[in-house]
There are 2 protein chains.
Amino acid sequence: MNPLTLEALQVLDAIDRKGSFASAANSLNRVPSALSYTIHKLEQGLGVSLFQKQGRRSVLTTAGRHLMQQGRELLTASDTLVDSTKQVATGWEPRLRIALDTIIPAEMILPLINRLYEIQPNIEIDLTEEVLGGTWEALDYDRVDLAIGAIGNAPGHKGIRCFDWLTVKSAFVATPGHPVCRHPQPLSDRIVMQYRSVIIRDSSRHEAPLSRGILNKENFIHVENMEQKIQAHRLGLGIGFVPHFRVEQYLQKGELLNLSVENPYTEEPLQIGWKMSNRGQARNWLVERLKLIKVDD
Amino acid sequence: MNPLTLEALQVLDAIDRKGSFASAANSLNRVPSALSYTIHKLEQGLGVSLFQKQGRRSVLTTAGRHLMQQGRELLTASDTLVDSTKQVATGWEPRLRIALDTIIPAEMILPLINRLYEIQPNIEIDLTEEVLGGTWEALDYDRVDLAIGAIGNAPGHKGIRCFDWLTVKSAFVATPGHPVCRHPQPLSDRIVMQYRSVIIRDSSRHEAPLSRGILNKENFIHVENMEQKIQAHRLGLGIGFVPHFRVEQYLQKGELLNLSVENPYTEEPLQIGWKMSNRGQARNWLVERLKLIKVDD
DNA sequence: CATAATTAATCAAAAATATTGAACATATTC
DNA sequence: GAATATGTTCAATATTTTTGATTAATTATG
């Protein structure tokens with residue numbers, strides 16, 4: 001049986017901060033003998049003496065100092081736990097883990113999160129970037145509470161709720177100097193297949209990766225996320241589809257060209273999804289604001 | 001005032017593990033109403049309800065589950081603290097942080113640490129590699145409790161105790177094919193200076209770095225530690241001094257040559273040092289065994 | 001240097017708190 | 001529908017904690 005109590009740690013802490021049993025007792029609205037009692041009980045329980053007499057005062061032993069110092073961490077952890085429990089009780093979860101599909105740039109939802117912080121300053125936000133299947137998987141395996149911008153269908157079986165969110169136009173891009181530009185448009189699959197394309201690696205860890213837009217090509221470069229893919233296109237490393245709204249600036253400046261192709265992307269809406277078992281207010285609040293976001297494109 | 005007690009967390013934990021108030025009470029050698037009482041008091045203190053009736057049993061609310069799960073971490077932390085306090089009381093510190101100068105390979109002291117684990121299985125060892133001034137500095141700034149293999153003088157002022165430990169012979173090495181080998185030996189400084197040398201970066205963070213064996217050369221490569229320096233020499237990237245005992249194998253196999261130079265290293269003994277304020281048994285034990293180590297070289 | 005003031009420990013009495021067990025209400029199980 | 005199991009309530013009881021007076025030792029003060 002653990003002889004330690006948080007109350008005893010508070011006493012230990014107060015004695016150290018105030019410098020004496022007397023003033024510690026005063027600050028705790030108790031009487032010195034009450035603290036003596038608490039400390040003796042703890043010493044007896046541990047079988048370790050925490051104070052030793054030095055003149056008319058008691059000073060901490062090495063063990064006492066160790067217990068006091070480490071105990072403070074326990075005390076703050078305990079305070080934090082009380083806070084977060086109260087927060088949970090109000091329906092606001094103390095932590096919200098979000099998977100952001102790489103199609104969506106963080107800048108798009110960070111302002112929302114800032115507004116969330118204004119309402120719940122202590123909430124802990126954990127943002128993860130995921131790719132394709134990885135976005136649903138993160139939700140499915142309870143790595144996150146909310147998935148933003150997932151593509152395709154939610155993993156059916158489990159209690160997942162989702163809805164269609166944005167529909168993002170795709171652009172097939174290449175640099176102006178790229179040899180693919182010399183072909184007549186719209187480009188056929190046969191032509192497209194001749195050039196290196198840029199592919200984002202699926203971030204699924206368990207399920208089979210979703211493949212998107214991979215036309216059985218031998219010629220491709222794998223990258224980690226959408227930002228890398230866009231930069232790869234911009235620097236002429238390959239050709240391929242990207243969300244139109246994310247390359248608008250480059251199209252306007254002429255750094256990239258939007259080529260027409262025979263088989264354009266079938267436009268599927270991005271999804272927002274969460275576990276039905278999660279009834280957190282923060283998740284709910286975010287979902288409601290996300291519904292208002294539009295892409296003018 | 002924090003309404004949380006470790007005892008209440010234990011009750012919460014037992015109820016969850018046993019599945020009911022009744023069997024939890026049984027496992028705690030108490031009566032169900034006693035647990036009811038504890039839980040109610042906690043609920044009242046928090047202003048949060050932790051259980052809700054579901055049929056004839058009580059089940060955790062979301063807040064209750066949160067408190068229970070996080071509380072378990074608090075409980076194990078508390079157990080650990082009790083253990084380490086008892087350990088401190090015996091004079092054995094629960095953690096020993098060691099700075100190992102890069103001259104000394106870890107293999108040289110790991111067997112000792114293994115023997116320490118046999119005596120104190122729960123001791124936490126924190127081993128850091130340091131270079132030149134960094135080794136003393138780590139001690140000086142209380143980043144470590146014990147410094148092994150430091151070179152030069154201890155930072156005077158503070159209450160640091162140290163003694164001369166090993167004296168390590170230096171060898172000036174180069175690969176057999178290195179052009180420096182074509183010069184007649186002993187090599188003069190003027191000759192040595194013509195070739196690239198390998199220098200270990202001082203790991204000091206605050207004090208001015210000690211420079212050792214830097215002959216105002218323009219031509220050098222900086223590396224992080226002795227192992228990297230030795231490998232750099234072995235692969236012919238540069239020439240320089242290394243501890244003889246660390247390259248013996250390469251000298252024997254003929255991968256490196258020990259060249260004689262006009263100005264050999266002045267041999268200073270490596271030091272072992274610690275703060276006098278640290279009276280830990282583990283530190284003392286290690287220092288005593290370290291005294292017995294010899295380099296047969 | 002003597003006196004006053006502090007400090008912590010001790011102890012019996014008082015107060016506060018926790019535990020018990022019986023009684024009860026409600027739901028499952030057989 | 002009887003038997004069983006669950007958690008709560010409540011008054012009585014047991015235990016623990018707090019108190020305040022007393023003591024002993026040390027330090028500050030005039």
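Please read all numbers here as calculations on a predicted model, not as lab measurements. As a basis for the values below, the full set of heavy atoms in this structure was taken, side chains included, without hydrogen atoms, waters or symmetry mates. Throughout, a chain's letter reflects where its sequence line sits, starting with A, and its residues are numbered from 1.
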Roughly how many Å is it from [atom1] in [X] to [atom2] in [N], rounded to a whole number?
{"X": "A:L42", "N": "D:dT16", "atom1": "CG", "atom2": "C1'", "answer": "16 Å"}
{"X": "A:I15", "N": "C:dT6", "atom1": "CD1", "atom2": "P", "answer": "19 Å"}
{"X": "A:Q54", "N": "D:dA24", "atom1": "CD", "atom2": "C1'", "answer": "18 Å"}
{"X": "B:Y37", "N": "D:dC10", "atom1": "OH", "atom2": "C1'", "answer": "13 Å"}
{"X": "A:K41", "N": "C:dT17", "atom1": "NZ", "atom2": "C1'", "answer": "12 Å"}
{"X": "B:R30", "N": "C:dT20", "atom1": "CZ", "atom2": "P", "answer": "8 Å"}
{"X": "A:R56", "N": "D:dT26", "atom1": "CZ", "atom2": "P", "answer": "10 Å"}
{"X": "B:R57", "N": "D:dT4", "atom1": "CZ", "atom2": "P", "answer": "18 Å"}

Check your understanding: Does B:N153 CG have over 12 foreign heavy atoms under 6.0 Å away?
Key -> no

Would you mind classifying the nucleic acid contact of [X] as base, sugar-phosphate or nothing, using non-hydrogen atoms under 4.0 angstrom?
{"X": "B:A22", "value": "sugar-phosphate"}
{"X": "B:S20", "value": "sugar-phosphate"}
{"X": "B:F21", "value": "sugar-phosphate"}

Side-chain N,O ([X]) to OP1/OP2 ([N]) below 4.0 Å:
{"X": "A:H40", "N": "C:dA8", "answer": "no"}
{"X": "B:S58", "N": "D:dG7", "answer": "no"}
{"X": "A:S36", "N": "C:dA8", "answer": "no"}

Practice item. Considering only NZ, NE, NH1 and NH2 on the basic side and carboxylate oxygens on the acidic side, decide whether A:E7 and A:R30 come within less than 4.0 Å. Key: yes

Review point. Does A:E7 or A:G55 map to a spot on DNA chain D nearer the 5' end, using the closest nucleotide for each?
Key: A:E7

Review point. Between B:E43 and B:F51, is there a donor-acceptor pair closer than 3.5 Å when you use the side chain of the first and the backbone of the second?
Key: yes

Check your understanding: Do the side chain of B:R283 and the main chain of B:N278 share a donor and acceptor less than 3.5 angstrom apart?
Key -> yes

Practice item. Drop me the distance from A:E73's CD to A:S78's OG, to the nearest 0.5 angstrom. Key: 13.0 Å

Check your understanding: C:dT19, D:dG20, D:dT8: which one has an atom nearest the side-chain heavy atoms of B:A34?
Key -> C:dT19

Review point. Does A:S33 make a side-chain donor-acceptor contact with the base of D:dG20, cut-off 3.5 Å?
Key: yes

